[in-house]
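These notes are about the structure you will find just below.
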Amino acid sequence: MASTGDTATRGRPNTARLLISCADRRGIVAAVSRFLFDHGANILDADQHTTDPEGGTFFMRMEFHLEGLDVGGPELERSFAERVGEPFGMEWRIAYACRPKRVALLVSREEHCLLDLLWRWRRGDLDAEIALVLSNHRDAERDVRGFEVPFAHVPVERGRKPEAEAAMLALLREHGPFDLVVLARYMQILSGDFLAAAGAPLINIHHSFLPAFAGADPYQRASERGVKIIGATAHYVTEELDAGPIIEQDVAHVSHRDDVPDLVRIGRDIERTVLARAVARHLADRVLVHENKTVVF
Ligand SMILES: Nc1nc2c(c(=O)[nH]1)N[C@@H](CN(C=O)c1ccc(C(=O)N[C@@H](CCC(=O)O)C(=O)O)cc1)CN2
C-alpha cells in the first residue's frame, strides 16, 4: 500500500490548472503550449493521455504560474476559447489554485475515514477547507467539534428519506458553497434529486474492490465467498449505487484465518488511505471524467 505521502495536496499558490478533453488530433499540445507561452505563462507541470491516436479521445492537464500573465483570468479564458478551445472542439476548464476548495463530509457510524481526513486537514496535508460535517448519527459529533468544524445531525427515519435529504441540502446551502462533498462511510443511498441539487461532485468510499461486492455488507459477502484479497474503492457518486467513475482503489491479502471482524479491521486502513488519495487527487484537479471512467494525472 502506498505511503500517505501521496495524499498531500499542498497547492502551489498563484497557479492555475487547465484541464482539457477532446477528439485526438495532431497539434493539440503545440497549440495549448503556444497559447500559454504567448500570454506569458510559465508551465509548471504538463501531462496528457490519449485513448487512441487514431480517432480516440485526448486528455491534458497543464499547471502554470499566473505570475507574468499578460491578462487576467476572464480574458485568458475568453482568449483560450477563441484561439484553442473552439477550433479543437475541446471540453475544458481552468481551476485557480489561489483559494482552497471547500469540502463537506458525510458520515454515518464508522468514523475512521472521517477522522483520517480531519487529521490530514489539521496537519495541513489536505489543501482544503473542511467546512461542514453532516451525519445521520451523533457518534462523531464530539470528535468533529474537537476539530472546530460545524457538525449537523440529520437522522434518516424509515420512509422519510426525502425530508432528511431536504434538510441536508438546506445545510449544504447554508454552509456552502462547496467544491466537493465526501461520503466518508455514509451509509444511506442518496437520491438522484439530491445528487443533482448538491451543487458539487460527491466522492464515496466503498468498502470492496469494485465491481465485486457492490451494495451493502461487502465484507460479510466476501467472507462467505472465501476471497483471498479485500479492497476499497473511491468513486464519484452517481444515482446507480457504487457504479460511478472509479478514482482510486487498493487491496490487501487475507486468508481463511480471517473472519468478518478481521476483514473489517484490515479493511479500515485500505478504506481511509484510498479515500484520502482520491480526495487529494480531486482537490489537485488531477481527475478527468470521460464516459464512466476517469483519467487521473
Ligand atoms: N446514489 C448513491 N448513493 C450512495 C452511494 C452511491 O454510489 N450512489 N454509495 C453509498 C455507500 N454505500 C456503499 O459504499 C452504501 C450505503 C448504503 C447502502 C444501503 O443499502 N443503505 C440502506 C440503509 C442502510 C441503513 O439504514 O443503515 C438504504 O439507504 O436504504 C448500500 C451501499 C452511499 N450512498
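Note that ligands are numbered from 1 as they come in the structure, with each ligand's atoms numbered from 1 the same way. Since the model is a prediction, treat every value here as computed from it, not as a measurement.
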Look at atom 14 (O) of ligand 1 and say which protein heavy atom is nearest, naming residue and atom and giving the distance to 0.1 Å. H206 ND1, 2.8 Å

So which heavy atom in the protein is nearest atom 21 (N) of ligand 1, and how far is it from that ligand atom? M187 O, 3.5 Å

For E239, which part has a heavy atom under 4.0 Å from ligand 1: side chain, backbone, both, or neither? backbone

Is there a heavy atom in K161 that sits closer than 4.0 Å to ligand 1? yes

Just which atoms of ligand 1 are under 4.0 Å from any heavy atom in Y186? 11 (C), 33 (C)

Quick one: nearest non-hydrogen protein atom to atom 1 (N) of ligand 1, plus distance? L190 O, 2.8 Å

Do the numbers put R25 on top of the ring of F88, so that NZ or CZ is under 6.0 Å from the six-membered ring centre and no more than 45° off the axis? yes

What protein heavy atom sits nearest atom 34 (N) of ligand 1, and how far off is it? Q188 O, 2.8 Å

Would one find an N or O of D242, backbone or side chain, under 3.5 Å from an N or O of ligand 1? yes

Does ligand 1 have any atom that is closer than 4.0 Å to a heavy atom of I205? yes

So does D125 pair up with R120, basic N to acidic O under 4.0 Å? no

Looking only at the side chains, is there a donor atom on one of H206 and S208 sitting less than 3.5 Å from an acceptor on the other? yes

Check the angle between the aromatic planes of Y236 and H282 and answer parallel, tilted or perpendicular using the 30° and 60° thresholds. perpendicular

Under a 4.0 Å N-O cut-off, is there an ion pair linking E129 with R102? no

Location of contacts on I189 toward ligand 1, heavy atoms closer than 4.0 Å: both

